[in-house]
Structures are given as C-alpha cells and as structure tokens.
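Structure, as structure tokens:
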Amino acid sequence: MAKFFYDHRLVEQKCLKYWDELSLFQNSNLDLSSSEQAKKSYLLFAFVYPSGSGLHVGHVESKTALDILARYQRMNGQLVYFPVGWDAFGLPAENYAIKTGIHPNQTTKSAIDTFRQQTKRLAISYDFSSEISTSHPQYYRWTQWLFLQLYKKGLAYQEKGRVNWCPSCQTVLANEQVVNGLCERCESEVVQKDLKQWYFKIKDYQDELISGLDDLDWPAATKQQQLNWIGRHEGINITYPVYAFERGDGGEPGAKPSAESITELTCFSSRPDTNFGATFVVLAPEHAFAQEIAKEKKQVAEYLAKAEKKTELERQQEGRKKSGVFTGYYAFNRLTRLKMPIWVADFVLANFGTGAVVGVPAHDKRDFEFVDFVNRQQPQDPLKVIRVVAGPDGNQEAITQLEQVYEGEGELLNSQFLDGLMVKEAIEKMMDYLEEKGYGQRVVNYQLRDWLISRQRYWGTPIPIVYDPEGKAHPVKEEHLPWTLPEDVGFKPSGESPLKSSREFNERVERLYGEGWKPEYDTMDTFVDSSWYFLRYCDSRNQESFASPKRLEQWLPVDLYLIGREHVVLHLLYSRFFTKFLRYQGYLKISEPFAKMRHQGMILGPDGRKMSKSKGNVINPDKIVDQYGADTLRIYEMFMGPLETDKPWDDRAVAGVARFLRKFYRLAVEEIELVAQLWSVGDRADLVQKLQQTVKKLTEDLPKLKFNTAIAALMELSNLWGKASLLRKTANEPYLLLTAQELLILLGILAPLAPFMSEELYGQTKYAWQNIADQTLGEIRCELAEARARRQALESLEFAPSIHLTTWPAYDPALAQSEQITLAVQVNGKVRGELSVDRDLINDQAELLARAKALPALEKWLAGQKIVKEIYVPGKIISLVLAS
RNA sequence: GCCGCGGUGGCGGAAUUGGUAGACGCGCGAGACUUAAAAUCUCGUGCUAGCAAUAGUGUGUGGGUUCGAUUCCCACCCGCGGCACCA
C-alpha cells in the first residue's frame with residue numbers, strides 16, 4: 001500500500017531540488033517584443049517587512065493567492081512577472097539592536113534568509129533573480145536619487161514642524177507609534193515638540209490624486225478612503241473687519257462701528273448660507289492674530305501657553321469639552337450688522353482652512369457647545385443663537401439645547417434675501433453675493449498635509465543632504481550616491497539622531513565637502529522606501545538608473561496588486577504621488593501605478609480574534625507544512641473562504657483538506673497504474689462530464705480569485721471519482737475510469753493549487769507510460785489491434801519537463817452540459833414538483849407546460865383549480881398561478 | 001458623529017441581469033473494518049411534526065413590489081473596519 005501513500009516531505013524535497021535545477025520561473029524575460037507586450041502580466045504582492053518571527057499564515061494566504069493566479073496565467077500563455085523583495089529598513093530591527101547590541105544589518109539579513117526559505121518551501125513562484133531589499137545600497141541609492149529629484153523641483157523642503165516626542169525613549173515617534181497618546185513601546189506620555197524636518201510636497205498633486213482614482217479597478221471602499229484622507233472641501237473665505245469695541249458700545253444690529261477697523265479676519269466656511277446666524281468668531285491658538293493679541297493680553301497669552309503644552313493624551317481625554325478665551329476684539333458681520341466677539345479656542349484647528357471660523361451655534365454642534373461654555377462663564381454677556389434654517393418638518397422654534405442643533409437640509413429663514421430658499425441654493429446665492437460685494441472668495445480646502453519624512457532613527461535611508469558651515473542645506477552630489485548608512489553608531493538612545501555619533505559619517509562629509517560641513521543626521525520614513533519599489537522591480541539590477549525607460553514602459557502599470565487593508569491610505573497615496581511626480585519629470589508614461597487592486601482579509605486565530613503572541617493564538621505555518629505538507633496549507637488557506645474577508649483558523653478543517661489531497665493522490669496513482677496496464681474504458685459518463693464541468697469552473701473562478709469555490713469543485717470531482725473507483729472494485733473485470741489524456745487534464749487543473757502533488761503525479765505518469773513501450777503486448781489485457789492503437793496514442797503524448805510548463809486544459813462546453821435538465825415546477829410560487837427532460841426540449845414551452853401539469857406530484861395541488869397564468873423560464877423553472 | 005463593509009444551519013461558507021436556499025468542508029449521528037482505539041471508508045444531517053410518504057417553516061427585524069425575493073425598494077436593529085472638534 002506504500003505506493004498510495006503521499007509522503008509530502010520526500011516529494012517536496014525532490015520537487016524543490018528539481019525546480020531549482022530547471023530554474024523554473026527564474027530570470028523572467030523582461031524585454032518583450034511588441035507582440036508579447038499584450039500578454040504581459042505584472043503581479044505584485046505587498047512588500048513584506050522581514051520581521052524576526054518569520055512568515056505568518058496571513059502572508060501565506062496572499063502569497064498563495066497570487067501564486068495560483070501567476071501559475072494559471074502562465075499556463076494560459078501569459079508572460080508573468082512575479083517579483084519579490086523586502087521592506088528591510090524599520091524600527092523593530094533597530095529596537096532589537098538597542099536591546100541586544102546586535103547590528104540591524106545582521107538581524108535583517110538572517111530574517112530575510114528565513115523568509116526566503118519559508119517562501120520557497122510554499123512553492124511561491126517568485127522570480128528570485130530580481131529580488132530586492134530596501135536596505136541594500138544599490139536600492140537606497142535610488143531612494144536618495146528620488147529625494148534629490150524632488151529637492152531640485154522644490155518638492156522636498158525643510159520646515160519647523162510639530163512631532164511626537166517620547167521623553168522616556170528620547171526619540172521622535174511616527175504617528176502610528178503613538179497609541180492613545182502613549183508611546184507604543186514604553187507607554188509614557190507623548191509630548192509635542194517643534195523640530196526642523198524634511199517634507200515632501202504631496203499637496204501639489206492633491207487634485208490629481210483625486211481625479212486619478214476614477215478609472216482604477218479598485219475596491220470602492222479603498223477609493224473612498226483615499227478621498228476622505230485627501231478631504232477636499234469646497235467653500236468660501238469670508239473676510240470680516242475687526243474692531244476694538246468697548247463692551248456695550250455700538251455693535252447692536254444696525255449700529256455703525258465707532259472707529260476704524262484695525263485689521264481683517266478671514267474665515268473659511270462651507271455653509272455661508274447660515275451667515276445670518278453667525279454670532280461669533282473663533283481663532284486657533286496658532287493663528288497669527290491670536291499670537292499678536294497674546295503680546296498685550298495676559299489672559300490670552302496664558303491660554304495659548306496652556307494649549308501649546310497640551311499633550312495628545314490630554315486632548316483626547318478632553319473629548320469635545322470646550323475651552324477658550326475672549327480677545328477683547330470684535331469682527332463685524334456686514335450682513336447682519338452685528339458685532340461678533342472674537343475668541344481663541346483650541347477646538348479650532350490651525351492647519352485647516354484659515355485657522356479661523358465663524359460660529360453659527362444654531363446649525364453646528366461644536367459651535368453650540370462653545371456657546372454653552374462661554375455663556376456659563378459670562379452669563380451677563382451671552383453669545384446669541386439665531387436659527388436660520390427650518391427643520392425638515394418646517395420646525396422654526398428657537399434652538400436652546402444641543403439636541404436641537406440642526407445641520408441638515410431645509411428652508412432658510414431670518415436671512416433676508418435667502419429666505420425661502422433651500423440650503424443648497426442658498427449656499428450658491430450667498431457665495432455669489434459675497435464675491436460680488438468683495439466680502440469673500442470661493443476656495444477649496446484639503447485635509448491632506450504634506451508628508452513629513454524625517455525620522456531621528458538609524459535603520460533607514462540617509463537623507464542625502466549636507467550643511468555648509470553657515471547651516472545652509474545642500475544636496476549630496478549624485479556621484480556620491482549611494483550616500484551610505486554608516487556602521488559605527490551607538491544604539492543607546494541619546495535624544496539625538498544615532499547618525500550623529502558616527503565618526504566615519506562626519507569625517508566623510510568634511511572630506512568630500514570641506515571643513516565645517518555637517519551631514520543631515522536624520523533618515524527617511526520607511527514609507528519612502530516602500531512607495532516606489534514596484535518601479536525598481538522592472539529593472540532591479542540597473543546601475544545607471546532606477547529602471548530603464550523601456551522596461552518601465554513595457555511592464556507598468558501593475559496588473560494586479562494584492563495588499564492588506566492596513567496599507568490602503570498612506571502607502572497607496574505616496575506611491576501614486578511618486579508615480580505622478582516621475583511622470584511629470586518624463587521618467588514614466590503612466591499616471592497611476594496600480595491598475596487593479598484587491599485586498600486579502602485577515603486570518604484570525606481559532607478563537608476568532610486577531611492572532612497575537614500575547615493571546616497565544618498564533619498559528620505557525622512551518623508546523624502545518626511539516627505535518628501536512630505545503631499543498632495542504634495552500635489549499636486550506638484558499639478554501640477557508642473568500643480571499644477578501646477575515647476568517648478564523650480551524651485546525652480540523654486543515655485535516656479535512658489533507659484528507660481530500662490524500663484521496664486524490666490515491667485515486668490518481670491507482671488510475672496511472674491501470675492506464676499503463678489495460679485499455680477498456682468502463683461506464684464513466686458522469687465522471688467525464690464532471691471533469692469537463694470542473695475544468696470550466698476552474699477556468700472561470702481562478703482568474704476571479706474565487707479559490708474557495710474552485711477547490712469545492714475539485715472536491716466534488718474527487719468524491720464522484722472515489723465512488724466510481726469503489727464501484728469498479730466490485731466488478732469482475734477492471735476497467736478504466738479516465739483515459740491518459742483525461743488524467744493529464746485533471747493534473748493540469750490541480751497544478752496551480754497543489755504544485756507539489758501535481759508535479760509528483762505528473763512525474764509518475766510520465767514514468768509509467770514511457771515504460772509501457774517496454775512491456776510485452778501479452779501483458780496488456782485487451783484486443784491486440786486496439787492495444788496497438790492505444791499504445792501509439794500513449795506514445796504520442798508529449799511530456800514537458802514539469803507540469804508547470806504545460807498548457808491549461810481546454811474544456812468542451814457541450815460535454816460540460818448534461819443531457820438531462822431538471823426544471824422546478826411551482827404552484828403559486830411554491831415548489832411542488834420536479835420535471836426531468838431531455839435538453840433538446842429546452843425551448844419547447846408548450847410541451848414542457850403540458851408535461852408539468854401532468855406530473856403526479858402536482859395532482860393534489862391542481863385538482864379542481866383554475867390556472868390563470870403559466871410562466872416558463874427556459875432551463876430553470878415552470879410557475880403555475882392558480883385563480884385565488 | 002461621519003464614511004465604508006457585513007448579518008444565510010451547531011461552525012467556515014455556497015447560491016444574486018429575481019427562478020428548486022444551504023454546494024464544498026468542519027462538526028455531529030449511525031454503520032463497516034478492528035480484540036480495542038486511532039486512522040480509513042459508507043450513509044445521514046436547516047428547524048418543527050410524523051415510522052414514513054409528506055406538510056409547515058426558514059437567509060438580522062418589520063413592511064413593500066412580484067407568479068416567485070438571500071437577491072430589488074423603504075424603515076429599523078446588530079456587528080466589524082477606518083476617520084474623527086476638518087467649520
């Protein structure tokens with residue numbers, strides 16, 4: 001029985017060695033002729049950070065999915081490029097170095113080795129000949145080159161900016177490392193600090209980053225998230241003159257300002273229709289006018305100081321609780337002729353719009369909350385609440401409580417020339433009016449900020465900038481690239497960038513640029529590394545440029561990008577930004593890098609929660625491969641459910657997949673033997689039809705990434721095959737269930753999913769049938785003439801060196817259809833019977849209706865009833881409607 | 001609060017230009033093999049009633065359109081993900 005036992009360890013070892021010898025799928029031909037170009041397929045899997053803990057079952061899912069597609073496409077004659085690389089810079093390796101003193105170079109290298117070996121073990125058909133790593137000088141020299149191009153065009157600039165600072169770790173933290181206002185690592189409170197930082201001017205491309213989304217085949221949710229992040233808001237900047245009224249002086253409706261205006265304030269509003277309800281103005285603490293007032297007014301200065309000191313944690317804990325201070329100044333509302341007190345409050349954001357807003361408490365919850373705060377403080381001089389939009393039911397009552405604040409659509413009131421209009425029209429009319437009067441100007445605002453790329457970290461790409469003795473920044477000369485990351489640094493956190501401690505780095509700069517020159521000590525955000533890697537893949541060994549124009553034109557855009565949802569905002573935005581920039585510089589012809597994108601779901605622990613070491617619910621893929629083999633792991637993960645949803649792990653279901661593969665193997669080996677021994681084909685019409693249907697199903701499902709249903713189809717086939725095999729065992733004379741050709745078809749469709757087992761069975765087939773020529777005809781139990789013919793047929797079969805180099809089997813649509821069709825027969829919408837007929841009759845409505853009505857099962861439903869309507873949906877259903 | 005996604009057996013999930021709901025797998029039950037267990041194999045398995053044929057019922061809830069709704073429309077409930085004082 002040993003020959004029916006699939007020894008996955010042995011087979012996998014053998015196959016991996018064999019594929020290595022064949023260099024299977026390595027050294028992809030990247031220079032395509034124009035006729036080949038139409039068949040190119042560039043498949044991209046999200047860049048992997050090679051962590052110390054090795055490959056995760058989540059990686060296995062997405063890598064396998066793309067691998068199946070890659071193999072399927074190759075078998076269909078497409079020219080597939082499926083590259084691999086490592087997002088090797090980053091914090092964990094550096095933190096590990098801080099803890100242990102082991103250099104990140106070393107830990108990263110060994111982590112990559114582990115990942116590569118694990119990936120190969122899963123038969124992921126990457127082209128390892130083009131492998132890249134972001135920490136390799138031949139990669140990051142081009143990251144630096146990209147920085148320099150941006151610098152030349154003024155898109156990389158330096159500015160003082162707010163950063164998250166962990167006082168305990170003595171370092172800057174990325175936003176993602178701040179969890180609820182606390183440092184991710186040591187849980188101390190994060191403070192804000194002003195540091196001079198490098199930025200990329202992504203805002204220059206904000207409109208294109210919106211419009212570019214239109215034609216992409218991306219999940220709608222992903223596009224929406226990009227849009228939300230960019231946050232485009234149309235509105236109007238309204239300018240108000242500012243006066244220093246005394247309390248109680250003038251400023252009542254209709255009153256004229258008693259003095260000349262001191263200055264003007266501009267407020268951004270997307271709801272100018274409500275301006276007749278505006279009763280105050282609020283400035284962000286960082287607003288220039290607020291800063292100016294602080295010089296003369298102690299209270300304001302104190303408030304600004306307090307706001308400045310507020311940590312992210314305090315801000316979050318406060319929630320929507322309002323605070324603020326009165327400036328003593330008033331803005332004049334030229335529409336209502338009302339004086340509007342100017343306050344400073346930290347609920348207004350400095351970096352959106354103008355940093356100043358006009359308060360309409362009746363129609364904005366935040367404004368109402370602020371009024372609530374102010375009127376508690378100074379009940380003798382309350383801020384007013386004026387309703388200017390009626391509720392949906394025409395409700396016009398005064399607004400005195402937060403719950404009544406109305407932000408929706410409705411009819412305008414108390415608004416002079418806007419009265420009676422609906423909000424949408426009123427907005428337009430008011431904007432026209434304000435522009436005409438010169439009180440305002442239409443503008444568009446964005447939530448998107450420029451990209452802060454400086455990191456006070458060691459393990460990253462050095463920023464290629466040097467400073468002259470006066471402290472002025474200069475770009476590193478291109479001939480000095482790669483601007484190598486020094487190795488002689490201390491890892492103990494000192495509050496300064498680790499690069500500062502490198503003697504070699506400082507000496508290098510003085511040697512190359514002159515005495516007193518200093519290097520930039522910061523490194524780049526690792527998002528910079530990972531936002532152009534798909535370009536480098538096109539020509540990853542090029543020494544003269546980041547990739548040759550020809551290669552870039554041939555392979556871009558990426559045909560399918562499979563990526564986790566966690567990268568949906570920043571990574572994609574940055575990659576698109578670089579692509580657009582390089583296009584404008586003439587390096588690229590495409591304006592969007594990823595034509596089609598899909599997201600894999602998360603694989604959850606058996607308890608249904610996210611896998612994590614602390615929860616102890618992590619599944620180690622290596623163990624599954626050891627126990628069941630790589631094919632089982634691959635197929636199980638594809639069978640769990642749709643690729644894009646989150647799915648919990650189930651150990652018992654893994655065993656189910658292993659059972660399926662073992663059974664398939666046993667049946668195939670059995671059949672291979674018999675094909676070599678005998679010729680008579682038994683009764684197997686069902687099986688042949690099922691085979692055809694299965695080929696059809698896989699041909700349709702695999703390109704759509706619907707692997708779970710494809711695998712279910714294969715299981716159905718093997719169930720049927722198993723039954724037929726069992727039946728054969730009871731027969732007197734053995735017969736064939738599948739011919740040689742049919743068996744090869746079956747192995748062919750299994751190949752992308754189970755590359756090891758299919759290869760092994762293909763090898764056995766080849767061996768058994770090639771040796772058949774040596775057998776004497778006397779051993780073959782059938783008619784001599786037929787035997788000759790069959791043997792010739794077998795000998796004429798051509799075998800490729802590997803099943804993975806064979807062609808995807810075609811199916812015969814006619815054979816895939818069954819000769820009989822089954823129609824459901826409904827009476828008053830309920831299924832009451834079934835009608836089986838020859839397919840030929842499918843369009844013979846009269847005959848089918850007659851037969852349906854004659855069904856015995858329907859007798860009791862139709863007896864004595866009158867049929868008022870008869871419906872026939874070809875091939876599907878017959879519906880009879882009775883008189884009620 | 002806003003945006004997005006989803007809700008189908010004991011579990012993972014199939015099936016949507018509206019046409020026999022529950023494919024496939026897990027689990028469970030029964031049986032075969034075995035001294036026995038494991039493994040393997042066979043049969044059964046939405047729920048309720050019935051020995052059974054069968055009938056009723058059933059895709060988060062309520063309503064609507066239709067001969068017919070998991071699928072379309074309206075209202076609501078619940079869960080998940082993202083953003084969050086963006087004026």
Side-chain angles (χ1 to χ4, degrees), chain A residues 219-225 227-229 231-233 235 267-272 274 278 282 284 315-316 318-322 345-349 351-360 363-367 369-370 407 445-448 565-566 568-569 601-602 604 608 635-636 639-642 644-657 659-660 662-663 666 706 708-719 722-723 726 822-835 857 860 867-882 884:
Chain A
T222 303
K223 290 188 183 182
Q224 195 56 50
Q225 273 198 59
L227 288 176
N228 290 348
W229 192 262
R232 185 178 193 275
H233 296 264
C267 299
F268 175 71
S269 170
S270 62
R271 289 290 304 277
T274 60
V282 190
R315 237 178 260 279
Q316 282 182 17
E318 271 176 10
R320 296 176 65 93
K321 207 174 135 202
K322 298 293 182 286
D346 64 1
F347 80 93
V348 174
L349 303 173
N351 38 25
F352 185 76
T354 59
V357 300
V358 56
V360 185
H363 303 290
D364 185 301
K365 289 200 168 112
R366 295 156 305 178
D367 293 349
E369 284 162 354
F370 187 67
E407 298 179 339
N445 270 310
Y446 297 83
Q447 281 172 237
L448 184 69
R565 285 189 182 79
E566 69 275 17
V568 149
V569 177
M602 218 187 312
L604 307 171
I635 292 184
Y636 169 64
F639 185 59
M640 291 172 87
E644 65 277 8
T645 61
D646 295 348
K647 299 147 291 225
W649 186 270
D650 182 353
D651 274 317
R652 293 177 301 198
V654 181
V657 169
R659 264 199 294 277
F660 154 67
R662 273 200 299 269
K663 178 176 176 183
R666 180 176 54 80
K706 291 174 71 178
N708 54 335
T709 49
I711 292 163
L714 279 170
M715 287 175 168
E716 281 184 54
L717 172 70
S718 97
N719 288 345
K723 273 176 200 151
L726 217 58
T822 307
L823 300 171
V825 184
Q826 295 186 340
V827 178
N828 280 346
K830 297 209 186 230
V831 179
R832 299 297 184 190
E834 258 181 17
L835 181 64
K860 70 182 197 192
I867 296 172
V868 294
K869 201 168 173 185
E870 297 172 345
I871 297 159
Y872 173 55
V873 181
K876 284 182 177 164
I877 207 160
I878 289 169
S879 187
L880 306 172
V881 187
L882 305 179
S884 50

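Sequence lines set the chain letters: A, B, ... in the order given, protein chains first and strands last, and positions in each chain run from 1.
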Contact list (N/O, under 3.5 angstrom) for nucleotides 41-44 of chain B vs protein:
none

Give a yes/no answer on whether the side chain of [X] brings an N or O atom under 4.0 Å of OP1 or OP2 in [N].
{"X": "N708(A)", "N": "rA14(B)", "answer": "yes"}
{"X": "K869(A)", "N": "rC67(B)", "answer": "yes"}
{"X": "R565(A)", "N": "rG82(B)", "answer": "no"}

### Message
Using a 3.5 Å limit for the pairing distances, which stems of at least 3 consecutive Watson-Crick or G-U wobble pairs does RNA chain B take part in?
### Response
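Detected stem regions: B:1-7 with B:77-83, B:10-12 with B:24-26, B:27-32 with B:40-45, B:46-49 with B:54-57, B:60-64 with B:72-76.
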### Message
Counting the atoms with a prime plus P, OP1 and OP2 as sugar-phosphate, which does V360(A) contact under 4.0 Å by heavy atoms, base, sugar-phosphate, or nothing?
### Response
nothing
### Message
So P219(A), base contact, sugar-phosphate only, or nothing? Heavy-atom distance under 4.0 Å.
### Response
nothing
### Query
Does E716(A) have any side-chain hydrogen bond (donor to acceptor under 3.5 Å, both in side chains) partners at least two apart in sequence or in another chain, and if so, which?
K690(A)
### Task
Please name all residues satisfying side-chain hydrogen bond (donor to acceptor under 3.5 Å, both in side chains) with T354(A), sequence neighbours left out, ordered by chain then number.
none
Listing time: all N or O pairs from protein to nucleotides 47-49 of chain B that are below 3.5 Å?
none

What pairs of donor and acceptor atoms, side-chain ones from residues 823-832 of chain A against any protein atom, are under 3.5 angstrom apart with sequence neighbours left out?
residue, atom, partner, partner atom, Å
N828(A), OD1, L882(A), N, 3.0

### Query
Which residues pass the ring pair (Phe, Tyr, Trp, His ring centres under 6.0 Å) test with W649(A), sequence neighbours left out?
Y636(A)
### Query
Listed by chain and number, what are the ring pair (Phe, Tyr, Trp, His ring centres under 6.0 Å) partners of F370(A), not counting sequence neighbours?
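Once residues adjacent in sequence are excluded, the partners of F370(A) under the ring pair (Phe, Tyr, Trp, His ring centres under 6.0 Å) criterion are F280(A), W343(A), F347(A), F373(A).
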### Query
For N228(A), what residues pass the side chain to side chain contact (heavy atoms under 4.5 Å, CB included) criterion, not counting sequence neighbours?
Q224(A)
#### Entry: Residues forming a side chain to side chain contact (heavy atoms under 4.5 Å, CB included) with K365(A), sequence neighbours excluded
R320(A), L402(A), V405(A), E407(A)
### Task
Specify the separation, in whole Å, of atom CZ of R232(A) and atom P of rA87(B).
13 Å
### Rounded interatomic separation in angstrom, taking CG from L349(A) and P from rC83(B)
16 Å
Kindly give the atom pairs (protein nitrogen or oxygen, nucleotide nitrogen or oxygen) under 3.5 Å for nucleotides 52-57 of chain B.
residue, atom, partner, partner atom, Å
rU54(B), O3', K860(A), NZ, 3.4
rG56(B), OP1, R832(A), NH2, 3.4
rG56(B), OP2, R832(A), NH1, 3.0
rU57(B), OP2, K830(A), NZ, 3.3

Polar atom pairs (N or O), protein with nucleotides 1-11 of chain B, under 3.5 Å:
residue, atom, partner, partner atom, Å
rC3(B), O2', N228(A), ND2, 3.3

### Task
Between rU48(B) and rC43(B), how far apart are the P atoms? Round to whole Å, please.
25 Å
